[in-house]
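What follows is a single structure, written as structure tokens, with notes after it.
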Amino acid sequence: MYNRKDYVSDHDWTRFLDFSKDLETPNIVINLNKIKMNFVKLKNSFPYAKIFYAIKANPGEPVLKMLAEMDSSFDIASRYELDLIKKFVSDPERLSYGNTIKKAKDIKYFYENGVRLFATDSKDDLKNIAENAPGSRVYVRILVENSDTADWPLSRKFGCHPDMAYDLLVLAKELGLNPWGISFHVGSQQRDIGAWNDAIAKAKYLFNSLEEEESIRLQMIDMGGGFPASYVEPTNDLSVYASEITRFLTEDFGDELPEIILEPGRSLVGDSGILTSEVILASRKNNTALTRWVYIDAGKFNGLVETMDECIKYPLITTKDGDKEGEVIIAGPTCDSMDVMYETIKYKLPITLKQGDRIYWLSTGAYTSTYASVAFNGFPPIKTYFM
């Protein structure tokens, strides 16, 4: 259905097949070399930025260890991720508590572990930071509107209106905190580069107005993530994103850029993963049905939750590629009617596909194993291996 060479080189495919041939399905194999190459490319594309890898995208310890050794910093979503990354990073200056939804006791835990950089988007959370992490640097996340061009929008749950961000940064100063900057996220797998332009313009407005009216000089913009991995929908190359975003920044801030932070997740690890699944059953719902149902041993509850609403469209490769194809509905193994990955979007798979054949889901290195359920229907969490 898809040209495998567009996603995985012959060399990496041969290595993968040899590495995974005896592994029980379903499983995910992560190519660490691919992540390393992606990190170097991102760093070279944005030489003026600090990279804070979003651990939630793939918290595999080999991934974290390698990135830590490459001097990456880390965006942390919970105290549990903090405990994990402490195995590899001793300098808390390389850590940021980027979740705006957090308990007061967790703020205190981060502070006790040396973290001094906190995100916020609400008054009560800001007060909790002031009480439990006194004197810390805070940055306020603003809402990004019209982010529906992202495959996985993030605008509604997180962030606040720029006018509220202004008030929060003024309050931060009054509470003895260090009002440090602005953050935003244009949505995961964002294909409209112009989304960054709008967000950067809002940040510039806040930088100017806070300095002129409140004598608060902000120091940092956290631009979040949003850079794409290689799925079915076409995207621009990272170099295009970098040149355009750099242009947006220099148009608004000139040559004196504030500190710039990037929080990549999907763009670093997405292309590194291959999820191997096995066909359990291929059937039709009636004798004249044109579309077959293909049931596999991985599903929404076991690695493929981002197919929810058919948002993320993974490229698929099968062991029968080259045979005549027909439209299919692809579903998982559990006794839950929502465990259907693709129905509205009609994938085509070989009509010869049968029980025991393998379907490879490419670009599954991000938000797959980390999203899997503990044991829904008794199925164990999908296993991840690192190559």
Side-chain angles (χ1 to χ4, degrees), residues 42 45-52 54 73 75 96 98 100 117-123 125-126 136-150 153-174 177-188 190-227 236 238-264 267:
L42 184 65
S45 298
F46 293 91
Y48 52 83
K50 295 180 180 179
I51 298 176
F52 279 65
S73 296
D75 168 58
S96 167
T100 60
L117 185 59
F118 295 82
T120 190
D121 64 3
S122 65
K123 184 179 294 186
D125 180 66
L126 187 64
S136 293
R137 291 168 290 159
V138 293
Y139 58 100
V140 177
R141 180 164 174 171
I142 59 174
L143 283 168
V144 177
E145 294 151 355
N146 303 319
S147 66
D148 53 359
T149 49
L154 296 169
S155 60
R156 292 182 63 244
K157 183 177 179 181
F158 308 100
C160 62
H161 190 277
D163 288 349
M164 177 176 279
Y166 181 104
D167 293 339
L168 289 174
L169 288 161
V170 171
L171 178 59
K173 183 178 181 181
E174 294 172 355
L177 295 166
N178 187 349
W180 192 247
I182 301 296
S183 77
F184 57 80
H185 199 301
V186 297
S188 194
Q190 176 60 262
R191 284 173 277 115
D192 179 10
I193 304 177
W196 276 271
N197 192 24
D198 295 340
I200 291 168
K202 291 178 180 178
K204 176 61 174 175
Y205 155 76
L206 287 166
F207 268 66
N208 287 348
S209 57
L210 282 162
E211 183 170 12
E212 293 169 3
E213 299 168 19
E214 307 291 344
S215 298
I216 294 175
R217 186 175 177 82
L218 299 179
Q219 304 293 324
M220 181 270 283
I221 298 177
D222 181 339
M223 297 198 298
F227 305 123
N236 284 298
L238 180 64
S239 62
V240 179
Y241 282 78
S243 63
E244 288 297 287
I245 291 170
T246 300
R247 180 171 66 85
F248 299 152
L249 285 167
T250 53
E251 283 177 352
D252 281 336
F253 289 92
D255 295 330
E256 296 184 7
L257 295 182
E259 177 186 353
I260 301 296
I261 285 178
L262 304 178
E263 292 178 355
S267 63

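Quick note: residue numbers are just sequence positions, from 1.
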**Message:** Taking salt bridge (Lys or Arg N to Asp or Glu O under 4.0 Å) as the cut-off, I'd like each qualifying pair that reaches into residues 215-226, sequence neighbours left out, listed once.
**Reply:**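 Passing the test, one end in residues 215-226: Glu211-Arg217.
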Nearest 0.5 Å please: distance from the [atom1] atom of [X] over to the [atom2] atom of [Y].
X	Y	atom1	atom2	result
Ile221	Asp252	CD1	CG	8.0 Å
Ile200	Ile245	CD1	CD1	6.5 Å
Glu244	Asn197	CD	CG	9.0 Å
Phe52	Ser73	CZ	OG	4.0 Å
Lys204	Leu218	NZ	CG	10.5 Å

**Prompt:** Which residues satisfy the ring-ring contact (aromatic ring centres under 6.0 Å, His included) test with Tyr205, sequence neighbours excluded?
**Reply:**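 By the ring-ring contact (aromatic ring centres under 6.0 Å, His included) rule, Tyr205 matches no residue at all.
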**Request:** For Phe248, check ring-ring contact (aromatic ring centres under 6.0 Å, His included) against everything at least two apart and list the hits.
**Result:**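 Partners of Phe248 by the ring-ring contact (aromatic ring centres under 6.0 Å, His included) criterion come out as none, since no residue qualifies.
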Please identify each residue that fulfils side-chain contact (heavy atoms from CB on, under 4.5 Å) with [X], with sequence neighbours left out.
X	value
Ala165	Val140, Ile142, Cys160, Leu206
Asn178	Arg137, Trp180
Glu256	none

**Request:** Give the C-alpha distance, both sets of side-chain angles, the deciding distance and a yes or no for side-chain contact (heavy atoms from CB on, under 4.5 Å) between Val170 and Leu210.
**Result:** CA-CA 8 Å; Val170 171; Leu210 282 162; 3.9 Å; yes
Any heavy-atom pair between the side chains of [Y] and [X] that's under 4.5 Å?
X	Y	value
Lys123	Leu171	yes
Phe46	Ile260	no
Ile182	Leu169	yes
Leu42	Leu238	yes
Met223	Leu249	yes

**Message:** Using the rule given for side-chain contact (heavy atoms from CB on, under 4.5 Å), can you reason through Phe118 versus Leu177, listing the C-alpha separation, both sets of side-chain angles and the distance that settles it, and then say yes or no?
**Reply:** CA-CA 10 Å; Phe118 295 82; Leu177 295 166; over 6 Å; no
Sequence-distant partners of [X], side-chain hydrogen bond (donor to acceptor under 3.5 Å, both in side chains), two or more places apart:
X	result
Ser183	none
Asp121	Thr100
Ser136	none
Lys202	none

**Prompt:** Is there any side chain to side chain donor-acceptor pair (under 3.5 Å) pair reaching into residues 158-173, and which pairs are they, with sequence neighbours excluded?
**Reply:**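 Checked against side chain to side chain donor-acceptor pair (under 3.5 Å) - neighbours excluded - the pairs reaching residues 158-173 are Tyr166-Glu213, Tyr166-Glu214.
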**Request:** Over all heavy atoms of both residues, which pair between Ala119 and Gly98 is shortest? Give the atoms and the distance, please.
**Result:**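 Smallest heavy-atom distance, with atoms named: CB-O, 3.6 Å.
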**Shortest non-hydrogen separation from Val186 to Gly226 and the atoms involved** =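 Result for this residue pair: CG2-CA, 4.5 Å.
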**Item:** Met164 atom CE: more than 12 heavy-atom contacts under 6.0 Å
**Value:**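 Not more than 12 within 6.0 Å, no.
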**Message:** With side-chain contact (heavy atoms from CB on, under 4.5 Å) as the criterion, how do Ser96 and Tyr139 come out once you've worked through the C-alpha distance, each side chain's angles and the decisive distance to 0.1 Å?
**Reply:** CA-CA 10 Å; Ser96 167; Tyr139 58 100; 2.8 Å; yes
**Asked** Quick one: are the ring centres of Tyr241 and Trp196 less than 6.0 Å apart?
**Response**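 Between Trp196 and Tyr241, which both carry aromatic rings, the centre distance is below 6.0 Å.
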**Donor-acceptor contact present, side-chain Thr246 to main-chain Ser243, <3.5 Å** =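 Answer holds: no.
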**Asked** Parallel, tilted or perpendicular for Phe253 and Phe207, by the 30°/60° rule?
**Response**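 Correct class here is perpendicular.
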**Request:** Can you sort out the partners of Glu259 under salt bridge (Lys or Arg N to Asp or Glu O under 4.0 Å), two or more places apart, ordered by chain and number?
**Result:**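 Per chain and number, Glu259 pairs via salt bridge (Lys or Arg N to Asp or Glu O under 4.0 Å) with Lys50.
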